[in-house]
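For clarity, every value in this text was computed on a predicted model and none was experimentally measured.
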Amino acid sequence: MSDLINHRIRQSWTGDGAGTASLPDRAVRWLGQRIGPVGADRGRKPDFVPNLTGSALPGQAREDLSAVVGEENVLVDADSRLERAGGLSYLDLLHRRLGDSVPAPDAVVLPASPEQVQAVLEVCVRHDVGVVPFGGGTSVVGGVAALRGDKEAVIALDLVRLDALVSVDEQSHLAVLQAGVRGPEAERLLGEHGFTLGHVPQSFERATIGGFAATRSAGQASAGYGRFEDMVAGVRVATPQGEWRLGVAPASAAGPDLRQLAVGSEGTLGVITEVALRVRPVPVARRYEGWVIDGWDLGSEAMRTLAQNHATADVTRLSDVDETAVSFALNAGLKTSALRAYLTARGVKHPCLLIVGWERDVQARRHRTTRFLRRAGALRIGTALGESWRHGRFSGPRQRDALMDLGVCVETLETAAYWSRLDDLHDAVRAALVASLGRAIVMCHVSHVYETGASLYFTVLTSRDDADPVGQWQRAKHAASEAIVGLGTITHHHAVGADHAPYLEPEIGSLGLSVLRAAKSVVDPTGILNPGKLLG
């Protein structure tokens, strides 16, 4: 069993088994012209040979953990520990490629039930051992880094064995899933009962139900299905002070909604073991289309109009001019010359790609959406482009691997703001990234829209600075984060983790931070849960 689990985690570092991506020669040449030197000779493959010190887990703690989950489910070998030593950010992968030393857990513990999770926490309290909850390992903000804080040892609590559909209430449209169920498996299990969750973030292939809840995840179809916290009807949480269950009715006025304290707590207040979720019937039809609109200003105004007139599709996604250009350049199957000629003939000077997709009440809702898009001057390109996006929607991580193989620094960041500040936020973040990186492609798309505002998702491509590749991105991310403060949120859906922790207080205030710390002191008085995350 542990060999299979380790193989799954190894895939999350290398991309093996999930398909591969390659860039056509013309795309590589185009990139070189835009960002500087790129090529196969500049990339290094992951080698899994960073330095690793011996496990600091006390012998008695190991024995006590083995008594809970079985000796075979307490792993202290180097491979198992390294495979849970961080997430999937650019810097995580870069450290692997460079063979850098990384913080690694002293052991990996694999519980098989909520009761075992609770018992593991009790053991760790007795021995003062840190605990990093680990799901799919897809965090890009340091959320699963094996930081120790003031603890001499830390374990990765891998929930991969909590993989069951606990129950389905077909009358209430509720399902209870264990925290370790991955996105595709959740859809398969629910599909057997005629239901779907409809939650499809880019991390869908690897991320877990518990991870979605712990980070307030937002899926690509959130405009239709809602963000993950909108789906949560109840949670079961293991804490150092005992088990915590929340959610007994569809709505309640019994004080503040403490479910929303557990959701988004990033493993700092407890380990989510089960989640009760609102589910919907599997769609009988789906339709995805590609549209183009002339310029970012017209495009963002069209998004606002859709949102405020309740005319959004389930997927409503707008790329800016730079992202559209890259999409056209890197898409080997797209006949870009014909498309550009078509757009030029219709007076489109600054094409921005718009993807819209409907999965519920398709005919009526599509009619309403397209009516507003045509009024905004958007041109329908057709279903081929929309379906191409839908089928390739999870390819980003594999494309990143291919780009890193060419020596490209490629990373993402995201934020959100009210409509009145959205353009200022877009310009400020873009300017900060360009000023820091110099010759770079900075792309952006609106990934989620609301009546009051929208999210912005940035992707950066630049030639890697071989003299200081880590510092190159750290400086750029800091500049972008500073630009965000005061205009928008430091994170719309990637969560806080360790990377964004310095920016939490400016957003929620010192009093808000004190409230969170007070909650943590109640449920985790010795501070074993996910040291260094969220609260710093």
Side-chain angles (χ1 to χ4, degrees), residues 118 121 124-125 130-133 139 141-145 147 149-151 179 210-218 227-249 251-273 275-276 414-418 450 452-453 455 481-482 484-536:
Q118 184 63 50
L121 293 188
C124 290
V125 168
V131 178
V132 178
S139 173
V141 293
V144 293
L147 304 181
D150 61 356
K151 310 305 177 190
F212 293 151
T215 59
R216 304 184 81 90
S217 176
R227 291 168 57 93
F228 198 79
E229 68 259 31
D230 301 326
M231 305 174 184
V232 175
V235 288
R236 182 178 180 182
V237 186
T239 85
Q241 293 294 91
E243 191 171 70
W244 194 14
R245 292 177 182 251
L246 295 164
V248 298
S252 171
D257 187 353
L258 293 181
R259 288 174 302 181
Q260 295 304 324
L261 184 61
V263 174
S265 60
E266 301 185 33
T268 64
L269 301 181
V271 181
I272 295 170
T273 57
V275 186
E414 43 73 49
T415 179
Y418 297 122
Y450 309 91
T452 55
S455 68
S481 298
E482 290 294 318
I484 288 170
V485 173
L487 288 174
T489 177
I490 195 62
T491 176
H492 172 262
H493 59 269
H494 280 171
V496 175
D499 295 355
H500 292 149
Y503 302 96
L504 184 60
E505 184 173 349
E507 183 159 332
I508 68 172
S510 59
L511 184 59
L513 205 59
S514 295
V515 170
L516 289 179
R517 286 178 174 148
K520 184 172 177 66
S521 70
V522 171
V523 297
D524 182 25
T526 61
I528 67 167
L529 290 173
N530 218 3
K533 318 300 166 35
L534 186 63
L535 300 173

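- The minimum heavy-atom distance linking C124 with I528 is given by the pair CB-CD1, 4.0 Å.
- Side chains of N530 and V144 form no contact here, defined as non-hydrogen atoms less than 4.5 Å apart.
- Contact of the P531 side chain with the D150 side chain is not registered, since no non-hydrogen atoms from C-beta on lie closer than 4.5 Å.
- A distance of 11.0 Å separates OG1 in T268 from CZ in R517, rounded to the nearest 0.5 Å.
- Heavy-atom minimum distance, L147 versus A498: CD1-CB, 4.2 Å.
- Between the side chain of T415 and the backbone N or O of T489, at least one donor-acceptor pair lies under 3.5 Å.
- Here the side chains of E414 and T491 are in contact, with some heavy-atom distance below 4.5 Å.
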Residue pair L258, W244: steps toward the side chain to side chain contact (heavy atoms under 4.5 Å, CB included) verdict: CA-CA 10 Å; L258 293 181; W244 194 14; 4.1 Å; yes
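- For the salt bridge (charged side-chain N to carboxylate O under 4.0 Å, His left out) condition, the pairs that include at least one residue of residues 523-536, sequence neighbours left out, are K520-D524.
- Across all their heavy atoms, L529 and G267 have their closest contact at CB-O, 3.3 Å.
- Considering every non-hydrogen atom in both S521 and A518, the closest pair reads OG-O, 2.6 Å.
- Here the closest non-hydrogen pair linking A262 and V237 is CB-CG2, 4.2 Å.
- Looking only at side-chain heavy atoms (C-beta outward), I508 and V515 stay at 4.5 Å or farther from each other.
- At distances below 3.5 Å, not a single donor-acceptor pair connects side-chain atoms of E266 with backbone N or O atoms of A495.
- By the side chain to side chain contact (heavy atoms under 4.5 Å, CB included) test, Q260 pairs with R216, E229, D257, V263, sequence neighbours left out.
- At a threshold of 4.5 Å between non-hydrogen side-chain atoms, the residues P525 and Q241 count as touching.
- No side-chain heavy atom of H500 sits less than 4.5 Å from a side-chain heavy atom of L504.
- Taking 4.5 Å as the limit, every side-chain heavy atom of I484 sits out of range of all side-chain heavy atoms of Y503.
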How far apart are the C-alpha atoms of L535 and L516, what are their side-chain angles, what is the distance that settles it, and do they pass the side chain to side chain contact (heavy atoms under 4.5 Å, CB included) test? CA-CA 8 Å; L535 300 173; L516 289 179; 3.7 Å; yes
Checking side chain to side chain contact (heavy atoms under 4.5 Å, CB included) for the pair R227/H492: CA distance, chi angles, key distance, verdict? CA-CA 11 Å; R227 291 168 57 93; H492 172 262; 3.1 Å; yes
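- Closest heavy-atom contact between I272 and A213: CD1-CB, 3.8 Å.
- Side-chain contact between H493 and S217 is absent, with no heavy atoms from C-beta onward closer than 4.5 Å.
- Between P240 and the choices L269, V271, V125, the side-chain contact (heavy atoms from CB on, under 4.5 Å) rule is met once, by V125.
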